Amino acid sequence: MAARGALVVRPGAMGPRSLAEDPARAARIAEALSCWFRAHARDLPFRRTRDPYAIWVSEVMLQQTRVATVVAYYERFLARFPTVEALAAADEDEVLAAFSGLGYYRRARLLHAGARCVVARYGGALPRDEAALRTIPGIGAYTAGAIASIAFDRPAPAVDGNVARVLARLDGIEDPAEQVAGRPGLAARARALLSAGRPRVLAQATMELGALVCTPQAPACDRCPVAGACHAHRTGRVDRIPAPRRRPARPQARFVAAVLRWRDGVVLERRPAGGLLGGLWCPPLAPCRARVRPRAPARAVADRGLAVEWTGSAAGWVRHAFTHRVWLVAAWSGELRAPPPESGALVVWRPGEAPPGGLPSLARRILAHAGVEAATKDGGTAP
DNA sequence: CAACCGTGGCG
DNA sequence: TCGCCAAGGTT
């Protein structure tokens with residue numbers, strides 16, 4: 001990349017000099033961002049702490065999840081698991097219960113494993129070093145950078161969707177949305193930006209700008225503190241950066257859910273670990289066709305050794321859209337004639353008491369559809 | 001490395 | 001109603 005001669009014009013010569021190569025520009029942007037953030041930052045609970053563990057929890061919850069959704073979960077989680085030691089000592093079902101409704105439940109199990117790792121290897125104190133952070137389960141490139149910068153004020157890049165979009169627009173990079181975050185060079189730009197001021201402030205300021213001003217659609221450039229330094233703004237390409245992502249069609253599948261009552265409870269089954277909703281509890285499911293025939297609900301209970309008297313059939317479908325597939329679930333109600341086998345995969349849960357573990361939104365929807373009063377989302381006991 | 005893994009809000 | 005999307009990590 002060394003200059004072979006002043007007369008050689010680089011392809012990007014008409015654009016800005018990259019933030020990574022232009023310290024003066026990085027400094028100007030850093031100053032404007034810091035100033036803006038001090039005036040406009042939202043007051044969020046995870047911004048009121050410098051406890052690295054609390055920041056870690058918040059960053060995990062915020063993965064692919066909106067701030068508005070996370071706040072209540074974050075506060076409940078820290079009340080229940082106030083320290084990394086408390087989390088490490090917890091049962092996995094408790095942790096999954098605390099994540100019930102948040103989605104992407106593997107991150108709850110990884111956070112739990114990460115807590116045990118931090119207690120075992122680091123004496124309960126998160127390492128400050130980005131590379132060491134990355135070795136902890138559930139902490140990838142982004143989260144390592146976020147903890148290092150926000151908790152420890154180190155210039156470690158934390159390139160999430162927001163930061164990728166802000167940096168891509170600042171430097172006029174027209175990559176598709178699904179590629180831009182992983183683009184080599186963005187991390188270098190982010191590092192240069194953080195190094196131009198206080199990393200703790202700048203990391204959050206860049207994300208906050210992306211969330212509040214430099215939004216994917218209809219960005220508010222008239223309110224942007226760095227619009228004057230933005231190449232996409234100057235060239236009228238803000239609405240084309242990043243390029244829209246292509247999304248594959250979501251295949252659809254149909255299931256029958258057996259909503260089985262035993263005394264004042266309902267039967268739940270632990271889903272196999274690893275897959276969709278792995279490790280969480282749900283009414284027993286069996287695949288079925290577009291028209292539900294009694295054989296389908298019968299199959300849902302026969303394999304599990306349950307003797308059932310059906311008391312109602314499905315009225316309509318529960319449509320549940322996951323990220324990459326859609327499920328249509330028909331709920332069939334029945335009553336057990338004998339207690340369920342104590343095999344371990346099945347439990348009888350009394351709504352109003354604490355669920356046996358994680359209860360995904362899909363399970364709540366199925367139960368509600370079948371007339372079972374669902375529990376509160378925190379996995380705690382309902383009044 | 002592309003596929004997999006949730007959910008709720010919004011237009 | 002439906003597609004889009006939001007502070008990613010793992011395999």
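Since this is a predicted model, take the numbers as computed values, not measurements.
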Under 4.0 Å, counting only non-hydrogen atoms across every strand here, what does Val67(A) touch: a base, just sugar-phosphate, or nothing? base
N or O in side chain of Thr69(A) less than 4.0 angstrom from dA6(C) OP1/OP2: no
For Thr323(A) and for Ala141(A), find the nucleotide of DNA chain C with the closest heavy atom, then tell me which residue's nucleotide is more 5'. Thr323(A)
Hey, does the side chain of Gln217(A) come within less than 4.0 Å of dC5(C)'s phosphate (OP1/OP2), counting only N and O? yes
So, OP1 or OP2 of dT10(C): does either fall under 4.0 Å of a side-chain N or O from Tyr104(A)? no
CD of Gln63(A) versus C1' of dA6(C): gap in Å, rounded? 12 Å
Rounded to the nearest angstrom, tell me the gap between atom CZ in Arg250(A) and atom C1' in dC5(B). 13 Å
Categorize Ile55(A) for me: base, sugar-phosphate, or nothing, with a 4.0 angstrom heavy-atom threshold over every strand shown. nothing
I want to know whether Tyr74(A) and Phe46(A) have ring centres closer than 6.0 Å. yes
From Trp349(A) atom CH2 to Leu367(A) atom CG, the distance as rounded to the nearest 0.5 Å: 6.5 Å
Pick base, sugar-phosphate or nothing for Arg271(A), based on heavy-atom distances below 4.0 Å to the nucleic acid. nothing
Separation of Arg109(A) atom CZ from dG6(B) atom P, in whole Å? 10 Å
For a quick test of reading the model: is some side-chain N or O of His324(A) closer than 4.0 Å to OP1 or OP2 of dC5(B)? yes
Interatomic distance where CZ belongs to Arg319(A) and P belongs to dT1(C) [whole Å]: 9 Å
Is any side-chain N or O of Arg247(A) closer than 4.0 Å to OP1 or OP2 of dC5(C)? yes
Report the nucleotide, chosen from dC5(C), dC5(B), dG6(B), that has the shortest atom-to-atom distance to any side-chain atom of Phe322(A). dG6(B)
d(CZ, Arg107(A); P, dG8(C)) in whole Å: 9 Å
Measure from CG on Leu110(A) to P on dG8(C) and round the result to the nearest Å. 15 Å
Let me know the distance between OH of Tyr74(A) and C1' of dA6(C), rounded to the nearest Å. 19 Å
Indicate, with a heavy-atom threshold strictly under 4.0 Å, whether Ser58(A) touches base, sugar-phosphate, or nothing. nothing
In whole angstrom, what separates Tyr105(A)'s OH from dG8(C)'s P? 17 Å
Starting at CZ of Arg223(A), measure out to SG of Cys214(A) and round the result to the nearest 0.5 Å. 11.5 Å
Proximity of His320(A) and Phe322(A) rings by center, below 6.0 Å: yes
Thr65(A) (side chain) and dG8(B) (base): donor-acceptor pair under 3.5 Å: no
Does the structure place the NZ or CZ of Arg254(A) under 6.0 Å from the centre of the six-membered ring of Trp327(A), at an angle of no more than 45° from the ring's axis? no
State whether the distance check finds a donor on one side and an acceptor on the other, under 3.5 Å, for side chain Arg66(A) versus base dC5(C). yes
So what does Arg47(A) hit on the nucleic acid, given a heavy-atom distance under 4.0 Å: a base, only sugar-phosphate, or nothing? base
Pro248(A) or Leu280(A): which one's nearest nucleotide on DNA chain B is closer to the 5' end? Pro248(A)
Ring centroid separation for Phe77(A) and Tyr73(A), is it under 6.0 angstrom? no
